[in-house]
There are 2 protein chains.
Amino acid sequence: MSRPTVHDIAQTAGVSLATVDRVLNKRPGVRAKTILRVNEAIEKLGYVRDVAAANLARQRTYDFVCVMPDAPTEFLGELRDAVAEIAAQGAMDRVRVDMRTYPADDTHALAEMIGGLAKAPPDGLALMAPETPRVRDAVRRVMQAGASIVPMVADLPTVDCGHFVGIDNVAAGRTAGTLLGRFLPERPARVMVVAGTMTARDHAERRLGFDQVMAERFAHLSVLPTLECYDRAELVAARVSEMLARHQDIAAIYSAGAGNQGLVRALASADAGARLTVIAHELTECTRAALTEGTFDAVIAQNPGHIVRSALRVLRAEVDGMETIPSQERIRTEIFLKENLP
Amino acid sequence: MSRPTVHDIAQTAGVSLATVDRVLNKRPGVRAKTILRVNEAIEKLGYVRDVAAANLARQRTYDFVCVMPDAPTEFLGELRDAVAEIAAQGAMDRVRVDMRTYPADDTHALAEMIGGLAKAPPDGLALMAPETPRVRDAVRRVMQAGASIVPMVADLPTVDCGHFVGIDNVAAGRTAGTLLGRFLPERPARVMVVAGTMTARDHAERRLGFDQVMAERFAHLSVLPTLECYDRAELVAARVSEMLARHQDIAAIYSAGAGNQGLVRALASADAGARLTVIAHELTECTRAALTEGTFDAVIAQNPGHIVRSALRVLRAEVDGMETIPSQERIRTEIFLKENLP
DNA sequence: TTGAAAGCGCTAACAT
DNA sequence: ATGTTAGCGCTTTCAA
């Protein structure tokens, strides 16, 4: 026998469709006794609601906007692609996604873009943005206006909004540190760290986790001051080369930010004899190639596709007033070696 | 303006719903000229079909069965739970899943169970089974009878069936080997390997990949013959303890199979001074705890939930005669350290 | 070759 | 408090 429907329930409970629907959706206007009868029928028949049909009838569509920086790093590119893909093919059921990008370094424009949403607020806003007072205020305004907010990739701890979707960057830094420390022989050496800006929360957190592990487990390694390269490949190349030339005893490099093309270049032109242990973030064309060729030893990554899909699911759940299962929405900090590249 | 529907197309093309539907589903009985008109309308309006509504109208339901061993290892338990969960809550749209388990060591019963499906074949069969001639024949028979087959976790290379859903175990073994080799100091030492049976394809493949890496990159390590413990914790505990007592120069253990509780016990009772590097497979309660406590150094894993969801998606696609996107269905070989536990 | 109309399982006005 | 009824976007007889 095929799956029971609302009709079957109505029949066995001896009520009408409308009443069944009221019970199913916990709407008022049904006698306790009737509710009981309906629930018994539901139980007895083993009814499970056909969500697709329900959504179809409900005609509910979710109108989301996704705000992200336009910076030209590979990772951000993939993240934008992931959004674009979902937006294009309406991959997610009955959700419309409107992606808007802001100039990466212009938090003023960002705040304005977010604030602008307040007059015609979408159902939800997935947001990847640094937290500045201005941004915080703008986000709060949109929230007041009725939109659900989900911070993506970078958390917005001072705004009391939805479940953050992204990795724990302190843990990511710790992971990098552990791998790097264990890969190196147990003797004194220097370790170089390059990042975007230390004012960027995520990079700072990674560095923090990295340092924790170094201090706890690998005291024989001395970590040089972070090279801030603003995620720009040319800068990374220049500064790494210079650093490498200056210090002979650098055994490893931890690249906590973007611009890894520059790192690869610097490594290629450096003394071939000096085989360094290198760990970077995000699985991109560049880091994948570096891993394959043996230039990088490990890559710590978060999956862009998972991030945006999860963010959208969380938004949907929030709009529907449903609970999310946190364990299912937790973004994993993945480790890739040459051997386990997907 | 909201998403265009079949009605909109019918209107702009000046035809009826039925005709639009015929064109949409490439059914015969429409003049070339009319097809063109309809396609133009589709193009012009940017129509994308509402799959949920289509499936609802079609009344298509997918009837799948999932055959898996009943062995009491944690990983298999989670795999079965994942199937049970999907089966219970009809999580996947319009698919009914019937899980059947067979006695893990009885390939005769297994072959019979599979063969039995031939008389009333389901739409699809997701199968985790060792490949024996008998099994192969039974699978072929079900296939003849019209069922789509997807091998899960363990491949069925001699059967020409659907896309295998699981990890590349050679690569997994290589990953373990690389990690283990790099974690160890660069000096001669012995490495112990424990597995279920070498007749089990997956364990043999892991061992193969592991040995490749040892030979290629870590010649200073000598790998002892595999301890076959049939995935049983007591056996693992006994044999590992014995081996540890016999050889003083064992620096690391690679556990390619199940029964890791036994390994943990053996390690706990062994000489506390001997801090070994340990790498095991599958993220379970046991290995997670071992990782947290520092008993294990890394765990190589495949996600049970992903595996069954992917298998079901692949089956559905196959039944529908659709292409699967291989990159999206590839199961990842994950690496977990204490630091990046989810 | 084309169209009209009756659903699929569910929801939501609008009646009663 | 409960029932009737008309859809949601699409498919599918059955007629024309």
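Below, chain A is the first sequence line, B the second, and so on; all start at residue 1.
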How many whole angstroms separate atom [atom1] of [X] from atom [atom2] of [N]?
X: A:Arg22; N: C:dC14; atom1: CZ; atom2: P; answer: 14 Å
X: B:Arg60; N: C:dC8; atom1: CZ; atom2: P; answer: 18 Å
X: A:Leu56; N: C:dT11; atom1: CG; atom2: C1'; answer: 10 Å

Can I get a per-line list of side-chain donor-acceptor pairs under 3.5 Å for residues 313-321 of chain B, giving both atom names and the distance, sequence neighbours left out?
from: B:Arg313; atom 1: NE; to: B:Glu329; atom 2: OE1; distance (Å): 3.3
from: B:Arg313; atom 1: NE; to: B:Glu329; atom 2: OE2; distance (Å): 2.9
from: B:Arg313; atom 1: NH2; to: B:Glu329; atom 2: OE1; distance (Å): 3.0
from: B:Arg316; atom 1: NH1; to: B:Asp93; atom 2: O; distance (Å): 2.9
from: B:Asp320; atom 1: OD1; to: B:Tyr62; atom 2: OH; distance (Å): 2.8
from: B:Asp320; atom 1: OD2; to: B:Tyr62; atom 2: OH; distance (Å): 2.9

query = With respect to the phosphate group of C:dC8, does any side-chain polar atom (N or O) of A:Thr5 fall under 4.0 Å of OP1 or OP2?
reply =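 A:Thr5 to C:dC8 OP1/OP2: no side-chain N or O under 4.0 Å.
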inquiry  = With a cut-off of less than 4.0 Å, is there a side-chain N or O of A:Arg49 near OP1 or OP2 of C:dT11?
reply    =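 Yes, A:Arg49 has a side-chain N/O under 4.0 Å of OP1/OP2 on C:dT11.
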Side-chain heavy atoms of B:Phe75 within contact of B:Leu283, under 4.5 Å =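 No; the side chains remain at least 4.5 Å from each other.
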Using the side-chain contact (heavy atoms from CB on, under 4.5 Å) criterion, which residues pair with [X]? Sequence neighbours excluded.
X: B:Asp50; result: A:Leu56, A:Arg94, B:Arg3, B:Ala52, B:Ala53
X: A:Ala109; result: A:Pro103, A:Asp106
X: B:Gln328; result: A:Glu85, B:Ile325
X: B:Glu131; result: B:Leu156, B:Pro157, B:Thr158, B:Arg201

query = Distance from B:Arg330 atom CZ to B:His306 atom NE2, nearest 0.5 Å?
reply =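 The CZ atom of B:Arg330 sits 15.5 Å away from the NE2 atom of B:His306.
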key: salt bridge (Lys or Arg N to Asp or Glu O under 4.0 Å) against B:Arg58, all qualifying residues, sequence neighbours excluded   =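 With sequence neighbours excluded, B:Arg58 shows a salt bridge (Lys or Arg N to Asp or Glu O under 4.0 Å) to no residue whatsoever.
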message = The criterion is salt bridge (Lys or Arg N to Asp or Glu O under 4.0 Å); which residues satisfy it with B:Arg27, sequence neighbours excluded?
response =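 B:Arg27: salt bridge (Lys or Arg N to Asp or Glu O under 4.0 Å) contacts with B:Asp21.
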inquiry  = Could you tell me the boundaries of the chain B footprint on DNA chain D, defined by atoms under 4.0 Å from its heavy atoms?
reply    =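 First and last nucleotides in contact are D:dG9 to D:dT12.
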ask   = With the threshold set at 4.0 Å, does a side-chain nitrogen-carboxylate oxygen contact exist between A:Asp98 and A:Arg100?
value =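 Yes, this pair counts.
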query = Under a 4.0 Å N-O cut-off, is there an ion pair linking A:Asp123 with A:Arg96?
reply =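 Not counted as a salt bridge, because no side-chain N and carboxylate O are separated by less than 4.0 Å.
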Residues in contact with DNA chain C, drawn from residues 25-33 of chain A - heavy-atom cutoff 4.0 Å =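 The stretch gives A:Asn25, A:Arg27 as the residues lying under 4.0 Å from the strand, ordered by number.
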query = Contacts to DNA chain C from residues 12-21 of chain B, heavy-atom cutoff under 4.0 Å, which residues?
reply =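 DNA chain C contact set from residues 12-21 of chain B: B:Val15, B:Ser16, B:Ala18, B:Thr19.
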With a 3.5 Å cut-off and sequence neighbours excluded, list the donor-acceptor pairs that the side chains of residues 29-43 of chain B form with protein atoms.
from: B:Arg37; atom 1: NE; to: B:Ala13; atom 2: O; distance (Å): 3.0
from: B:Arg37; atom 1: NH2; to: B:Ala13; atom 2: O; distance (Å): 3.3
from: B:Asn39; atom 1: ND2; to: B:Ile35; atom 2: O; distance (Å): 3.4

task = For the helix from C:dT1-D:dA16 to C:dT16-D:dA1, figure out the bend between the end axes, five pairs an end, and round to 10 degrees.
result =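 Both end axes considered, the difference amounts to 40°.
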request  = Report the residue (B:Ile35 or B:Gln59) whose heavy-atom-nearest nucleotide on DNA chain C is the more 5′ of the two.
outcome  =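 Its nucleotide being nearer the 5' end, the pick is B:Ile35.
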key: Polar contact flag, side-chain donor to acceptor under 3.5 angstrom, A:Gln302-A:Glu334   =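 Short answer, no.
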